[in-house]
**Student:** 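Can you read through this structure? Questions will come right after.
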Amino acid sequence: MDAIFKGMRWLGLDWDEGPLSASDPNAHSGDHGPYFQMQRLDGYRAAADRLIAEGKAYPCYCTAEEVDAMREKALKEKRNPRYDGTCRRLTEAQRRERAAQGRTASVRFSAPPEGSVEFDDLIRGPMKFDNEQIEDFILLKTSGVPTYNFACVVDDHAMEITHVIRGDDHLSNTPRQVLAYRALGWTPPVFAHLSMILGADGSRLSKRHGATSVEEYRQAGYLPEAVLNYLALLGWATSDSQDIFGKEELVAKFDVGRCSKSPAVFDPNKLIWMNGEYLRKMPAKELAVRARPFVASAGLLDDAGLAARAAELEVAVAMEQEKVKLLTDVPKRIDIFFKDVAYDPEAVEKVLKKPDAAAVLEDAIKTFQALEPFTAASTEEACKALAARRGVKNGAVFHPVRVAVSGRTQGPSLFHMLELLGKQKSLERIQKTLQTFFKNAG
RNA sequence: GGCCCCAUCGUCUAGCGGCCUAGGACGCUGCCCUCUCAAGGCAGAGAUCACGGGUUCGAAUCCCGUUGGGGCCA
């Protein structure tokens, strides 16, 4: 339950009625509490007693075993399994007799035998269910705890709920609830039944499909605004199929009536894409701030380092911003600036083993040593000049330098990377590469 | 077993009787851009609108049935 509160807050969703945390029952907003079912037992009891007094419900003394037997018998005889109404026909004297025997009673609703229940669903339109299908369902269990169908009626009325928006697995329960509202003399709220979210295999989304709590998405490097945006679009769309929405825009444009009636398959790919969209559009400064926890947990920088090298971090982040799809990608891409080079064997093989790689690097060292200032522009110019001097293509210089300085074939723009590293560190790294892979050189 | 809901590219969807030889997005393919990887731009493949009957001059859109999927009673 706490995960729900945390998840809602993380997504930027708030509520004006209900508890604010699972641990502190006194912290709440709204004044229709208490908000925990076990603290509302009296209310359910009172509503049930009133229905009994008005002849709209009755105490049922049947045990679970007896009801099960009834169900099995019905099934065997190919009839609908349902409560046969034994206790409904009990006289007052018979009731007292059973109570005297020490049998505890549950409370059953006296469902109307004929007619139908109709209501308008905001998403599905006019709904009609035959009462014949509805059995005398239980309102209160023998323990005094209400069943879902009764609790939600009593609670929603007490809390002045106007709209009930929930999964369509509750659609078949709705007629029971409407019947209960009417029996109690209350006006039912407006209902809207949302389609369910399915996993890639077409079954209900569950643990088998990976992350199930919002918290896991946070840890995986998703942005709350992207998750909110993606979720809103699962089962809902505007007439122009717009796909990126800010929260305010979502609030303004959302329309329950436009929600889809058919279930939607959760597509992790599209969520990742969307997360990338948000990451790319964000100011680099903000990205750097949001990436801090991930940079820290990846072990690149501790708190002190984060504080001392904030500016550097921001520049590094800006360099790789367009490639980042998850916040967890940030440390993976900028680690080259904050820790020693880890040479990628493939990069070494592909680039450094080229015949004149060592010579190019030695040349680069000489060039860089004399270079002042050491900027993206100056290094680029210098490297191009070097290539021309050696009579090779730019790539024959750029690539070895890149691998020497970062250990990889992929990464930020080479010259911006050099500038951020600085002249000294760049030279050291090239030097070290030479020593590591070309021992007899240098 | 009964009842209920749903059905457009692989996925999310637009569509609510003629604008549809079905539009957008993700993903996929190719090209361009380019110091790498991306991003971006352009192009392309991908849906006989689950199937079968109707209604209509005309149906993805309305009606009926079938099939498939999901749900509730549990």
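What's counted below: heavy atoms across the whole structure, side chains too, no hydrogens, waters or symmetry copies. Here is the naming used below: chain letters follow the sequence lines, and residue numbers restart at 1 for every chain. For clarity, every value in this text was computed on a predicted model and none was experimentally measured.
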**Student:** In whole angstrom, what separates A:K323's NZ from B:A39's P?
**Tutor:** 10 Å

**Student:** Give a yes or no on whether a donor-acceptor pair under 3.5 Å exists between the nucleobase atoms of B:A25, that is its base, and the side chain of A:K270.
**Tutor:** yes

**Student:** Please report the distance separating the C1' of B:G18 from the corresponding atom of B:C32, rounded so that it comes out in whole Å.
**Tutor:** 40 Å

**Student:** B:C4 P sits how many Å from A:F191 CZ, rounded?
**Tutor:** 19 Å

**Student:** Please list each protein N or O that sits under 3.5 Å from an N or O in nucleotides 32-35 of chain B, with the distance.
**Tutor:**
residue, atom, partner, partner atom, Å
B:C35, O2, A:R402, NH2, 2.7
B:C35, N3, A:L414, N, 3.2
B:C35, N4, A:S413, OG, 2.7

**Student:** Cation-pi check, A:R108 to A:Y83: give yes when NZ or CZ is under 6.0 Å from the six-membered ring centre and within 45° of the ring axis, no otherwise.
**Tutor:** yes

**Student:** What side chain to side chain donor-acceptor pair (under 3.5 Å) pairs are there with at least one residue in residues 327-336 of chain A, not counting sequence neighbours?
**Tutor:** A:E320-A:R333, A:D335-A:R408

**Student:** Could I get a table of every N or O pair under 3.5 Å where one atom is in the protein and the other is in nucleotides 18-23 of chain B?
**Tutor:**
residue, atom, partner, partner atom, Å
B:G23, N2, A:S241, OG, 2.8

**Student:** Closest-nucleotide mapping onto RNA chain B: is A:W236 or A:K325 further toward the 5' terminus? I mean the 5' end.
**Tutor:** A:W236

**Student:** Summarise how protein sits on nucleotides 60-67 of chain B as a single string, 5' to 3': B when a protein heavy atom is under 4.0 Å from the base, S for sugar-phosphate-only contact, - for no contact.
**Tutor:** --------

**Student:** Does A:R333 place a side-chain N or O at less than 4.0 Å from the phosphate oxygens OP1/OP2 of B:U36?
**Tutor:** no

**Student:** Is the phosphate of B:U13 approached by A:R258 (side-chain N or O, under 4.0 Å from OP1 or OP2)?
**Tutor:** no

**Student:** What N/O pairs connect the protein and nucleotides 41-50 of chain B at under 3.5 Å? Give each pair on its own line.
**Tutor:**
none

**Student:** Between protein and nucleic acid, restricted to nucleotides 70-74 of chain B and to nitrogen or oxygen atoms under 3.5 Å apart, what atom pairs and distances do you find?
**Tutor:**
residue, atom, partner, partner atom, Å
B:G71, O2', A:D169, O, 3.3
B:G71, N2, A:S172, OG, 3.3
B:A74, OP1, A:R71, NH2, 3.0
B:A74, OP1, A:E135, OE2, 3.3

**Student:** Among the candidates B:C37, B:A14, B:G27, find the nucleotide nearest to the side-chain atoms of A:A237.
**Tutor:** B:A14

**Student:** Using atom CE of A:M319 as one end and atom C1' of B:A39 as the other, report the distance to the nearest whole Å.
**Tutor:** 16 Å

